[in-house]
Amino acid sequence: MEVVITKDSLSASAKAADLVAKAVRSKPDSVLGLATGGTPLELYKRLINMHKNEGLDFSKVKTFNLDEYIGLKPEDRQSYNYFMRENFFSHVNIPDENINIPDGMTANIPSFCKEYEEKIKRAGGIDLQILGIGSDGHIGFNEPTSSLASRTRIKTLTQKTVCDNARFFGGDKSLVPLHVITMGIGTIMDAKTIVLLAFGKNKAEAVAKMIEGPITSMVPASALQFHPRTKVFIDRDASEKLVNTSYYDWVFERKPEWQKDI
Ligand code: GLP
């Protein structure tokens with residue numbers, strides 16, 4: 001796991017955006033795994049900007065989103081489908097047929113989830129997966145005690161996640177759907193490269209447990225310690241509870257020239 005601590009969330013997002021742009025430029029038909037939430041918003045803004053001003057071309061890119069609330073239609077403003085269109089897809093040139101987001105209205109959840117997994121496989125697997133992290137250490141919507149080998153499936157949110165996400169529902173917890181479809185931890189672990197972003201003191205504990213704690217399903221993100229190519233971009237606030245901070249800075253400052261770009 002490469003841990004990069006930046007002075008603020010803007011510089012972390014800039015680094016992550018450069019990485020995504022580089023991946024898309026070197027492999028125009030890249031398969032991207034995408035996340036929602038407040039954290040990746042600046043990253044999406046930067047990619048939109050690169051598309052509009054620097055010719056970053058998404059016309060062959062395929063995308064798979066991590067998760068969706070069950071019971072929300074794509075046109076519901078709180079759905080992740082709506083979020084992605086609003087904050088990214090409607091501003092870049094990814095063909096509609098290349099966009100995949102779990103269908104929160106599917107009549108048959110198990111068969112939808114199976115097909116989602118197969119679709120990822122048919123696309124050649126995810127080249128680069130963007131992740132945020134929940135304050136309880138979840139990735140996607142894989143809540144604590146999720147199987148570390150899990151695949152796309154239904155999950156029930158914890159009360160903590162319901163509270164955290166209520167801000168997207170006008171602050172009303174009772175409006176947050178309790179059930180979701182999420183890629184599993186096993187699905188996420190299959191991505192060739194993972195880029196995880198985390199900002200703010202609220203994420204500091206989850207970040208420390210993910211990077212330096214034991215691997216446990218109680219902290220789903222800790223499974224990433226097994227992933228061979230995960231880059232974590234965090235701001236100073238989110239790094240607050242790490243023990244090895246000065247080592248991560250030391251490593252980053254001394255990266256061999258040939259490694260700086262990858
Ligand atoms: C949600 C999403 C996650 C996201 C997390 C953190 O629960 N399912 O993919 O990483 O929240 O969200 P935020 O970035 O808004 O803190």
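Keep in mind it's a predicted model, so treat the numbers as computed, not measured.
Between F58 and F89, the distance separating the two ring centers is not shorter than 6.0 angstrom. Remark: aromatic rings of Y116 and F64 are close, center separation under 6.0 Å.
Closest approach of I154 to C113, counting heavy atoms only: N-SG, 4.5 Å. R153 and K155 get closest at one heavy-atom pair: NH2-CD, 3.4 Å. When all heavy atoms of T156 and E143 are compared, the pair lying nearest together is O-CG, 3.9 Å. In terms of heavy atoms, D18 sits closest to M50 at OD1-CE, 3.3 Å. Shown here for H227 and A191, the closest heavy-atom pair between the two residues is NE2-O, 2.6 Å. When all heavy atoms are compared, the tightest approach of M183 to N142 is O-ND2, 2.9 Å.
Residue I194 is grouped with residue V251 when hydrophobic side chains (ILVMFWY) are merged at heavy-atom distances under 4.5 angstrom, including chains of intermediate members. A continuous path of hydrophobic side-chain contacts links M210 to I5 [ILVMFWY only; heavy atoms under 4.5 Å]. I211 and F233 sit in two unconnected hydrophobic clusters of ILVMFWY residues. Membership requires side-chain heavy atoms under 4.5 Å apart, directly or through other members. One hydrophobic cluster, built from ILVMFWY side chains closer than 4.5 Å, cannot hold both V3 and V243; they sit in different ones. Under a hydrophobic-cluster definition in which Ile, Leu, Val, Met, Phe, Trp and Tyr are linked whenever side-chain heavy atoms come within less than 4.5 Å, directly or via other members, I139 and V195 are assigned to different clusters.
In terms of modelled atom types and a separation under 3.5 Å, the side chain of T145 and the main chain of S217 share no donor-acceptor contact. A donor-acceptor contact shorter than 3.5 Å links the side chain of S90 to the backbone of R85. Side chain of D29 to main chain of V61: no donor-acceptor pair is present (N/O by atom type, distance under 3.5 Å, no hydrogens or angles). When atom types are taken as modelled, the side chain of D76 and the backbone of K73 share a donor-acceptor pair closer than 3.5 angstrom. Side chain of N65 to main chain of D67: no donor-acceptor pair is present (N/O by atom type, distance under 3.5 Å, no hydrogens or angles). Judged by distance alone, with hydrogens and angles left aside, the side-chain atoms of N244 form no donor-acceptor pair with the main-chain N or O of Y247 at under 3.5 Å. With hydrogens and angles ignored, the 3.5 Å screen pairs a side-chain donor or acceptor of H91 with a backbone N or O of E86. A donor-acceptor contact shorter than 3.5 Å is absent between the side chain of K201 and the backbone of A238. A donor-acceptor pair under 3.5 Å links the side-chain atoms of N87 to the main chain of F83, judged by distance alone.
Rounded to the nearest 0.5 angstrom, T39 OG1 and L196 CG are separated by 8.5 Å. Rounded to the nearest 0.5 angstrom, T106 OG1 and E115 CD are separated by 10.5 Å. K231 contributes atom NZ, which lies 14.5 Å from atom CG of L131 (distance to the nearest 0.5 angstrom). Taken from CD1 in I101 to CD1 in I99, the straight-line distance is 6.5 Å, to the nearest 0.5 Å. Atom CG of residue D237 and atom OG of residue S9 lie 9.5 Å apart, to the nearest 0.5 angstrom. Separation of atoms CG (L128) and OG1 (T63) is listed at 12.5 Å; rounding is to 0.5 Å.
K209 and S222 share no side-chain donor-acceptor pair at under 3.5 Å. With hydrogens and angles left out, the side-chain atoms of N81 and S79 include no donor and acceptor closer than 3.5 Å. Inspection of the S135 and D164 side chains reveals an N or O donor paired with an N or O acceptor under 3.5 Å. S11 and D8 share a donor-acceptor pair across their side chains, judged by distance under 3.5 Å alone. Side-chain contact check for N100 and K62: no donor-acceptor pair (N or O, by modelled atom type) lies under 3.5 Å.
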Run K114 and E118 through salt bridge (Lys or Arg N to Asp or Glu O under 4.0 Å) and show every step you take. CA-CA 6 Å; K114 194 164 174 267; E118 275 157 19; 3.7 Å; yes

Salt bridge (Lys or Arg N to Asp or Glu O under 4.0 Å) between R167 and D172: does it pass, once the steps are laid out? CA-CA 7 Å; R167 71 189 194 281; D172 186 347; over 6 Å; no

Please evaluate residues R229 and M1 with respect to the criterion side-chain contact (heavy atoms from CB on, under 4.5 Å), reporting the C-alpha separation (whole Å), side-chain torsions for both, the decisive distance (0.1 Å), and the verdict. CA-CA 6 Å; R229 207 175 139 73; M1 200 182 280; over 6 Å; no

Under the side-chain contact (heavy atoms from CB on, under 4.5 Å) criterion, do I94 and F88 qualify, and how do the steps go? CA-CA 10 Å; I94 305 175; F88 189 49; 3.9 Å; yes

side-chain contact (heavy atoms from CB on, under 4.5 Å) assessment of I120 paired with I126: CA-CA 7 Å; I120 295 174; I126 292 172; 3.9 Å; yes

Worked check of side-chain contact (heavy atoms from CB on, under 4.5 Å) between L47 and V92: CA-CA 8 Å; L47 291 175; V92 294; 5.6 Å; no

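With a 4.5 Å cut-off on side-chain heavy atoms, I48 and K52 count as touching. The shortest distance between side-chain heavy atoms of E68 and D103 does not fall below 4.5 Å. A heavy-atom distance below 4.5 Å is found between the side chains of L56 and R25. Taking the side chain as every heavy atom from C-beta outward, P102 and T182 never approach each other to under 4.5 Å. Put simply, the side chain of E240 does not reach to within 4.5 Å of the side chain of T245, judged on heavy atoms. E2 has its side chain within reach of K255: a pair of non-hydrogen atoms, C-beta onward, lies under 4.5 Å apart. Side-chain contact between Y44 and M84 is present, with at least one heavy-atom pair separated by less than 4.5 Å. Between I130 and V20 there is a side-chain heavy-atom pair separated by less than 4.5 Å.
For M218, the CE atom sits in a loose shell: 12 or fewer heavy atoms of surrounding residues, nucleotides or ligands are nearer than 6.0 Å.
V180 forms part of a hydrophobic cluster together with Y69, L72, Y80, F141, L157, V162, F168, F169, L175, V176, L178, judged by ILVMFWY side-chain heavy-atom separations under 4.5 Å.
Listed by chain and number, the residues in a side-chain contact (heavy atoms from CB on, under 4.5 Å) with D127 are K27, S30, V31, K192 (sequence neighbours excluded).
Ion pairing of K203 with D235 is absent here, as no side-chain N (NZ or NE/NH1/NH2) approaches a carboxylate O to less than 4.0 Å.
Screening I188, T187, L66 against T152 for a side chain to side chain contact (heavy atoms under 4.5 Å, CB included) leaves a single residue, T187.
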